[in-house]
Amino acid sequence: MQVEPLPPVAAPKPPLVASPASRAIDTFFYDNRIVRDFGIATVIWGIIGMLVGVLAAFQLARPELNMGTAATTFGRIRPLHTNAVIFAFVGNGIFTGVYYSLQRLCKTRMFSDKLSKIHFWGWQLIILSAVATLPMGFTTSKEYAELEWPIDIAITLVWVVFGWNMFGTIVRRRERHLYVGIWFYIATFLTVAVLHIVNSAALPVSFMKSYSAYAGVQDALVQWWYGHNAVAFFLTTPYLGLMYYFLPKAAERPVYSYRLSIIHFWSLIFIYIWAGPHHLLYTALPDWAQSLGVAFSVMLIAPSWGGMINGLLTLRGAWDKVREEPVLKFFVVAVTAYGMATFEGPMLSLKNVNAIAHFTDWIVAHVHVGALGWNGFLTFGMLYWLWPRLYRTPLHSKKLANTHFWLGTLGILFYALPMYWAGFTQGLMWKQFNAEGMLQYPNFLETVMQLVPMYYLRGIGGVLYLSGVFVMMFNLYRTARAGSLLANEKAQAAPLMPAALVEEHQGGHWHRWIERRPFQLAVGATVAILIGGAIEMIPTFLVKSNVPTIASVKPYTSLELQGRDLYIKEGCSNCHTQMVRPFRSETERYGEYSKAGEFVYDRPFLWGSKRTGPDLHRVGQKYPHSWHYNHMLDPTSMSPGSIMPAYPWLFDNNIDYSTLPTKIRVLRDLGTPYPAGYEQQAVADAQRQAQGIVAELKKEDIEVKSDKEIVALIAYLQRLGTDIKVKPEQAAAAK
């Protein structure tokens, strides 16, 4: 067979870069010890945070479970629970996954072992400081940002260490392309930094006391811009980055659509940042800001479900493995829970749904579907996948891992379903009118007493979920005992070629311009997340018509200020709101709806996010001093069936006037119109008002010293909502 000769070709040009085969290969070692350390911290803090959550859950059914001590009362341990599970359990889970995946995606060891250790121990010390301070009542009362100013500074410093280590690793990478998981890590770092710094702005009064730089409506907007996006950029974006790494690894399949992941990333970070105002619908926040929050919340379902679909379709061809592999079981439920929560979030932002659901246990159910299902299960699956690789041995028991899966799944169901039922019950009972046009259930306690069985079931769900974590801890421990930690894992990769040579040699798509350049990516992500916040906040701060002033609204007296700080210290805003919304059901129950101008001296704002007890914004002058005195001493004496705990220490503790002059001075610096020099007479004024309250109590045969904390708290409660005139027919509130 004759073969025709090939046509002549031009002599090849010398290659611009060496081929991969001819390039030198670097040998280096991944740091698995830091991954192991963060993983252990994840499990330990998860157990602690969930134990506190179980205690808090059962206290709503049996308040005496606080054991009669201030430090274990619901109002104080509820923020401890949220901080422990968000920043300790989930936070350490994030760092576990980031430190493992970033090294492998960049084909290099972490930038600095020393920075890794500083980050690890610094983060644990911050969590320990929260454990020490929150039960003692040192709190800003801002949801998910309760830690006081010295700890906020420490958080900032440790976060910078994390970013320094992360970006240093990215810069010295051996892989030119930045995988989409790294995009989510970068956006997380930058956005959390911005959120934390802006929301934490405050002036210190003392070592563990400060006042927010914002007041009233502005404080509420900044807080829920932070609060919603703490969920977005601490509980969501880093976990999406982990999903994009660990799910394909566990399934042994490539991610379904890399193009969809790119669209998912940019649309998610741009839209998410606008959605915070949906937490403040029907409040004193300007209507235009509320409408923006609703619009972007509805749009948010598209990128969120894009991510969910991308995750689930990555399992195409691998569903047979789901039956056998507990890791994939956890990942499937995690991604499904993410989809459920991100469908429900936009739905709850619709005004007609929000009018029923807000301030109810429906929101508690919604949040925990995301936290327990998405964050919890993805963390569990990641740990089960990591531990055998870190210790070079098979998982001790797949059977135990499957047992954990089913305990956790049942725990979520036992938790969420009763809370949904409780939320529907609250929303409907609060709004129900009878045939005569009167409230069907005027006494708030009528609703509360219907919920107690649901609170027991919720607690049982927490116990089931927590028992699964104990099973996991045992399983991981036995796995570690059977193997040995591969602290420094050997790896090889070619060094990174200069960017210009790579582009000329390989060509490429337009999007590689940003995918291979972390600086441009960081700038683009920062611009994307700043636009929404700036457009919502700047007009609210600068355009005075957004917060119309009311001439009759005056600053708190010095004793009322002391009482307000006690209200904050005891965590009362965890159960009571101070925001009467403009619904007939609420104005009939509580009184005149709340106006923006009433909160101009509130630092921090105390609108609350959950009504376990009735709204208190119009409680001032409704009851005699003796009612509040007896109610705080024994809630059931005034409200039979109440699930509120007693506060006997308020009757023993003396009012601390030592920082009162400084409080007055700091508030004046922030814009509260206290007269110059008033701090010199503030204590005398407080004592004079306290003596008046004591004299009134004595008329009702109640003997109490004027320097006790209960007197200051009564002064504050009697002030609430009295700065504006209220129509006589609206004066009666719920008992």
Side-chain angles (χ1 to χ4, degrees), residues 68-71 73 75-76 136-139 141 205-206 208-209 211 554-573 576 578 601-603 606 616 618-635 637-639 644-668 672 674-675 677-723:
T69 60
T73 302
R76 296 200 191 185
M136 294 174 66
F138 297 117
T139 176
S141 88
V205 171
S206 62
M208 290 303 292
K209 175 64 181 176
Y211 285 123
K554 305 297 182 186
Y556 294 103
T557 68
S558 53
L559 185 65
E560 291 163 357
L561 182 63
Q562 290 290 96
R564 190 173 198 270
D565 286 342
L566 286 170
Y567 183 95
I568 291 170
K569 179 179 180 179
E570 299 302 336
C572 300
S573 57
H576 294 281
Q578 291 185 24
Y601 303 125
D602 283 10
R603 299 176 188 270
L606 295 176
L616 299 181
R618 300 295 177 210
V619 77
Q621 306 301 322
K622 176 174 298 303
Y623 308 110
H625 297 332
S626 60
W627 190 94
H628 293 290
Y629 182 96
N630 290 319
H631 186 243
M632 300 304 294
L633 187 62
D634 178 10
S637 66
M638 297 290 102
S639 304
M644 175 178 157
Y647 290 82
W649 50 90
L650 295 176
F651 301 80
D652 298 326
N653 296 343
N654 292 336
I655 302 170
D656 181 9
Y657 288 123
S658 62
T659 58
L660 181 55
T662 308
K663 290 178 181 179
I664 298 296
R665 187 164 58 252
V666 167
L667 288 172
R668 187 170 58 240
T672 305
Y674 288 116
Y678 176 68
E679 59 268 28
Q680 318 226 334
Q681 66 184 72
V683 174
D685 278 359
Q687 291 172 336
R688 193 158 38 246
Q689 185 178 0
Q691 289 165 0
I693 293 173
V694 168
E696 289 294 322
L697 287 170
K698 192 171 184 178
K699 294 177 182 177
E700 300 183 66
D701 299 323
I702 295 176
E703 296 283 348
V704 61
K705 293 182 179 179
S706 63
D707 61 352
K708 298 304 179 185
E709 289 181 341
I710 184 62
V711 177
L713 184 61
I714 289 172
Y716 172 65
L717 293 173
Q718 293 289 39
R719 169 67 183 275
L720 287 175
T722 59
D723 283 344

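Bear in mind that the values here come from a model prediction, so they are computed numbers and not experimental data.
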### Message
When you compare the side chain of I655 with that of L559, does any pair of heavy atoms fall below 4.5 Å?
### Response
yes

### Query
Which residues satisfy the ring-ring contact (aromatic ring centres under 6.0 Å, His included) test with H631, sequence neighbours excluded?
W627

### Task
Kindly give the heavy-atom pair with the smallest separation between A690 and S706, and that separation in Å.
CB-O, 3.4 Å

### Message
Rounded at 0.5 Å granularity, tell me how far OG in S558 sits from CD1 in I664.
### Response
6.0 Å

### Message
By the salt bridge (charged side-chain N to carboxylate O under 4.0 Å, His left out) test, which pairs, at least two apart or in different chains, include something from residues 653-666?
### Response
D565-K663

### Task
Measure the spacing between NE2 of H628 and CD1 of I710 and express it to the nearest 0.5 Å.
9.5 Å

### Query
For S573, what residues pass the side-chain hydrogen bond (donor to acceptor under 3.5 Å, both in side chains) criterion, not counting sequence neighbours?
none

### Message
Please give me the minimum heavy-atom distance between Q689 and A715, naming the atom from each residue.
### Response
NE2-CB, 4.0 Å

### Query
Quick one: does K554's side chain get under 4.5 Å of R719's, heavy atoms only?
yes

### Message
If the condition is side-chain hydrogen bond (donor to acceptor under 3.5 Å, both in side chains), which residues does T672 pass it with, not counting sequence neighbours?
### Response
none

### Message
Could you work out, with ring-ring contact (aromatic ring centres under 6.0 Å, His included) as the rule, every residue matching Y629, not counting sequence neighbours?
### Response
F651

### Query
If you round to the nearest 0.5 Å, how far is CG of N653 from CG of L566?
8.5 Å

### Message
Could you report the tightest heavy-atom contact between A70 and R76, atom names first, then the distance?
### Response
O-CD, 3.3 Å

### Query
Are side-chain heavy atoms of I702 and N630 found at a separation under 4.5 Å?
yes

### Query
Is there a donor-acceptor contact under 3.5 Å from the side chain of T557 to the main chain of E560?
yes

### Task
Find out whether L713 and M632 are in side-chain contact, i.e. whether some heavy atom of one side chain is under 4.5 Å from a heavy atom of the other.
yes

#### Entry: Listed partners of Y647 passing ring-ring contact (aromatic ring centres under 6.0 Å, His included), at least two apart
W649

### Task
Just grab all the salt bridge (charged side-chain N to carboxylate O under 4.0 Å, His left out) pairs involving residues 645-655, residues at least two apart or on different chains.
none

### Task
Taking ring-ring contact (aromatic ring centres under 6.0 Å, His included) as the test, write out the residues that go with Y567, two or more places apart.
Y716

#### Entry: Exercise: identify the closest heavy-atom pair between Y211 and L561
OH-CD1, 3.7 Å

#### Entry: side-chain hydrogen bond (donor to acceptor under 3.5 Å, both in side chains) partners for S637, two or more places apart
none

#### Entry: Heavy-atom side-chain contact between E570 and T73 under 4.5 Å
no

### Nearest-0.5 Å distance, CD of residue Q562 to NZ of residue K569
10.5 Å

### Message
Just so I know, are the side chains of S206 and T662 near enough to count as touching, which here means a heavy-atom distance under 4.5 Å?
### Response
no

### Backbone N/O of P675 and side chain of R668: donor-acceptor pair under 3.5 Å
yes

### Task
For residues 699-718, pull every pair meeting salt bridge (charged side-chain N to carboxylate O under 4.0 Å, His left out), keeping only residues two or more places apart or in separate chains.
E696-K699

### Message
If I take atom CZ from residue R603 and atom CD1 from residue I568, how far apart are they, to the nearest 0.5 angstrom?
### Response
12.5 Å

#### Entry: Heavy-atom closest contact (I714 atom, I693 atom, distance)
CG2-CG2, 4.2 Å

### Task
Could you tell me which residues satisfy side-chain hydrogen bond (donor to acceptor under 3.5 Å, both in side chains) with Q718, sequence neighbours excluded, listed by chain and number?
H625

### Task
Only counting residues at least two apart or in another chain, list the ones meeting salt bridge (charged side-chain N to carboxylate O under 4.0 Å, His left out) with D685.
R688

### Query
Could you state the interatomic distance from OG (S141) to CZ (R564), rounded to the nearest 0.5 Å?
7.5 Å

